[in-house]
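Note that the coordinates shown come from a computational prediction; the quantities given were computed from them, not determined experimentally. Position 1 is the first residue of the sequence; numbering continues from there.
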Amino acid sequence: MGVILDLAVQGLQMMLVLLAAPLLTGFVRKVKARLLRRRGPPLLQPYRDLIRLLRKEVVLAGHASWLFRVAPYLIVAATWVAAALVPTFARGLVFSWSADLIAIIALLGSARFFLALAGMDIGTSFGGIGSSREAMIATLAEPALIMIVFTLALVAGSTQLSTVAGMMLSPEVGLRVSLGLALVALIAVAIAENARIPVDNPATHLELTMVHEAMVLEYSGRHLAVIELAASLKLLLYISLIACVFAPWGMAPSGAGPAAYAVGIAAYAGKLTVGGFALAVFETAVAKMRVFRVPNFLGAALMLGLLGTLLLFVSRSL
């Protein structure tokens with residue numbers, strides 16, 4: 001009976017991230033519209049868009065290969081598994097042993113790889129430009145993520161997220177300069193990985209500036225719906241990762257009861273609300289940078305992660 005309950009709680013987390021991802025996207029759009037003194041779309045508009053795309057017919061280029069058809073499902077599967085592995089409302093779930101930061105980075109890297117291949121598969125100039133820019137961003141974002149992982153591993157003694165979250169709750173961690181640097185670096189990487197302002201503008205289709213949209217420009221119907229769902233899952237993943245590592249308060253411990261899980265879900269909803277609101281305020285307050293300045297932006301994140309690691313090597317109290 002205990003195993004069935006553990007599997008049910010793990011399944012609840014998987015469905016929670018899947019259902020909450022479009023709502024988070026709709027919330028960010030709504031807050032941005034309100035900050036710009038516009039009414040904005042309804043909160044549930046992303047769900048309606050997904051349903052509308054699922055009902056539409058798929059239009060494929062005549063020379064599209066099997067990879068172009070399969071890539072959306074591989075992308076959403078890898079992103080969903082990575083998002084479901086991040087502890088949201090509880091620690092120590094049945095699959096928590098696999099919730100390793102290295103494994104999550106590998107899953108995100110595989111999703112990015114298939115997305116870049118799909119962008120180049122059709123052979124259009126826009127797809128090639130988007131794929132090349134995505135590869136450029138990945139070459140800087142992934143090393144920065146690795147340095148952030150090193151920093152957290154030196155503090156917690158593990159790369160397993162439940163262990164890291166439990167260590168962050170302990171009083172012996174306290175306030176550290178290295179963790180502050182890692183937090184800023186992770187936020188910068190999250191902005192770049194999700195193609196948000198100032199790195200990219202998800203609401204535009206300008207050929208000279210778009211990165212993510214250039215790779216999915218040829219998709220339609222259910223394929224586009226799956227890719228849009230994967231993009232929402234990726235945004236939720238990074239906000240959940242920041243909340244799990246740097247704000248693990250309210251998470252139910254291993255073996256907790258239904259009341260603790262309910263408190264954890266409420267706390268998780270509050271964290272997503274704060275994260276989505278902060279993202280909307282940030283995107284409203286800053287302007288998009290030029291594409292050629294993106295390496296400087298991600299290079300700063302890499303240096304912050306490296307500095308945090310070096311500080312811990314110099315003194316474990318930093």
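Following chains of ILVMFWY side-chain contacts shorter than 4.5 Å, one cannot reach Val81 starting from Val70, and the two form parts of different hydrophobic clusters. Note: the hydrophobic cluster containing Val294 also contains Ile187 (ILVMFWY, side chain heavy atoms under 4.5 Å, direct or indirect links). Linking Ile, Leu, Val, Met, Phe, Trp and Tyr residues whenever their side-chain heavy atoms come within less than 4.5 Å places Leu93 and Met15 in a single cluster. Taking hydrophobic clusters as Ile, Leu, Val, Met, Phe, Trp and Tyr residues chained together by side-chain heavy-atom distances below 4.5 Å, Tyr219 does not share a cluster with Ile51. A continuous path of hydrophobic side-chain contacts links Leu140 to Met303 [ILVMFWY only; heavy atoms under 4.5 Å].
Thr163 places no side-chain N or O within 3.5 Å of a backbone atom of Thr159 that could act as its donor or acceptor partner. Under a 3.5 Å cut-off, the side chain of Thr79 and the backbone N or O of Val76 do not form any donor-acceptor pair. Using modelled atom types, no side-chain atom of Lys234 and backbone atom of Leu108 make a donor-acceptor pair closer than 3.5 Å. Asp200 places no side-chain N or O within 3.5 Å of a backbone atom of Arg196 that could act as its donor or acceptor partner. Counting only distance, with no hydrogens or angles, the side chain of Gln10 and the backbone of Phe95 share a donor-acceptor pair below 3.5 Å. Between the His63 side chain and the Ile122 main chain, a donor and an acceptor come within less than 3.5 Å of each other. Listed for the Trp249 side chain is no donor-acceptor partner under 3.5 Å among the backbone atoms of Leu169. At least one donor-acceptor pair under 3.5 Å links the side chain of Asp121 to the backbone N or O of Ser65.
Within 6.0 Å of atom CZ in Phe113, 12 or fewer heavy atoms from other residues, nucleotides or ligands are found, so the atom counts as exposed in its surroundings.
Atom OG1 of residue Thr284 and atom CD1 of residue Ile197 lie 7.5 Å apart, to the nearest 0.5 angstrom. The distance from atom CG of Leu186 to atom CE of Met147, rounded to the nearest 0.5 Å, is 14.0 Å. The distance from atom CG of Leu85 to atom CD of Gln13, rounded to the nearest 0.5 Å, is 8.0 Å. Taking CD1 of Ile75 as the reference point, atom OG of Ser110 lies at 9.5 Å (rounded to 0.5 Å). Atom NZ of Lys32 is separated from atom CZ of Phe277 by 13.5 Å, given to the nearest 0.5 angstrom. How far CG of Leu233 is from CD of Glu228: 11.5 Å, rounded to the nearest 0.5 Å.
Residues Val245 and Leu179 are not in side-chain contact: their nearest non-hydrogen atoms beyond the backbone lie 4.5 Å or more apart. Counting only heavy atoms from C-beta outward, the side chains of Met14 and Trp80 approach each other to under 4.5 Å. In this structure the side chain of Leu161 never reaches within 4.5 angstrom of the side chain of Asp100, judged on heavy atoms. Annotation: side chain of Phe150 is not in contact with side chain of Leu306 (no heavy-atom distance under 4.5 Å). Side-chain contact check for Ser96 versus Gln160: some heavy-atom pair is nearer than 4.5 Å.
For the residue pair Arg52/Tyr47, the side-chain donor-acceptor check at 3.5 Å is not satisfied. A donor and an acceptor atom, one from each side chain of Ser240 and Thr88, are nowhere located under 3.5 Å apart. Side-chain contact annotation: Ser232 with Thr25, donor-acceptor N/O pair under 3.5 Å present.
Taking the six-membered ring where the residue is Trp, the centroids of Phe68 and His223 are separated by 6.0 Å or more.
The two atoms that bring Pro46 and Arg29 nearest to each other are CG-NH1, 4.1 Å, heavy atoms only. Summarising the geometry of Gly92 relative to Ser162, their closest heavy-atom pair is N-OG, 3.2 Å, with the distance given to 0.1 Å. Residues Arg91 and Ala165 approach most closely at CD-CB, 3.7 Å, considering heavy atoms. The heavy-atom pair separating Ala33 from Gly40 by the smallest distance is CB-CA, 3.4 Å. The two residues Ala243 and Lys271 make their nearest non-hydrogen contact at CB-CD, 3.7 Å. Considering all non-hydrogen atoms of both residues, Val94 and Leu7 come closest at CG1-CD2, 4.0 Å.
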Any chance you could lay out the side chain to side chain donor-acceptor pair (under 3.5 Å) test for Thr151 and Ser178, step after step, and finish with the verdict? CA-CA 7 Å; Thr151 302; Ser178 58; over 6 Å; no
Walk me through it: do Leu236 and Leu272 pass the test side-chain contact (heavy atoms from CB on, under 4.5 Å)? CA-CA 8 Å; Leu236 181 136; Leu272 289 182; 4.1 Å; yes
Applying side-chain contact (heavy atoms from CB on, under 4.5 Å), run through Arg176 and Leu312 and close with a yes or a no. CA-CA 10 Å; Arg176 301 194 180 201; Leu312 288 174; 3.9 Å; yes
Set out, in order, the CA-CA distance, both residues' side-chain angles and the distance that settles side-chain contact (heavy atoms from CB on, under 4.5 Å) for Leu235 and Leu279, then state yes or no. CA-CA 10 Å; Leu235 177 62; Leu279 177 61; 3.8 Å; yes
side-chain contact (heavy atoms from CB on, under 4.5 Å) for Phe313 and Leu154? Distances and angles first, verdict last. CA-CA 8 Å; Phe313 273 111; Leu154 288 174; 4.0 Å; yes
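Residue Leu101 forms a side-chain contact (heavy atoms from CB on, under 4.5 Å) with just one option from Ile148, Leu241, Ile146, Leu145, and that option is Leu241.
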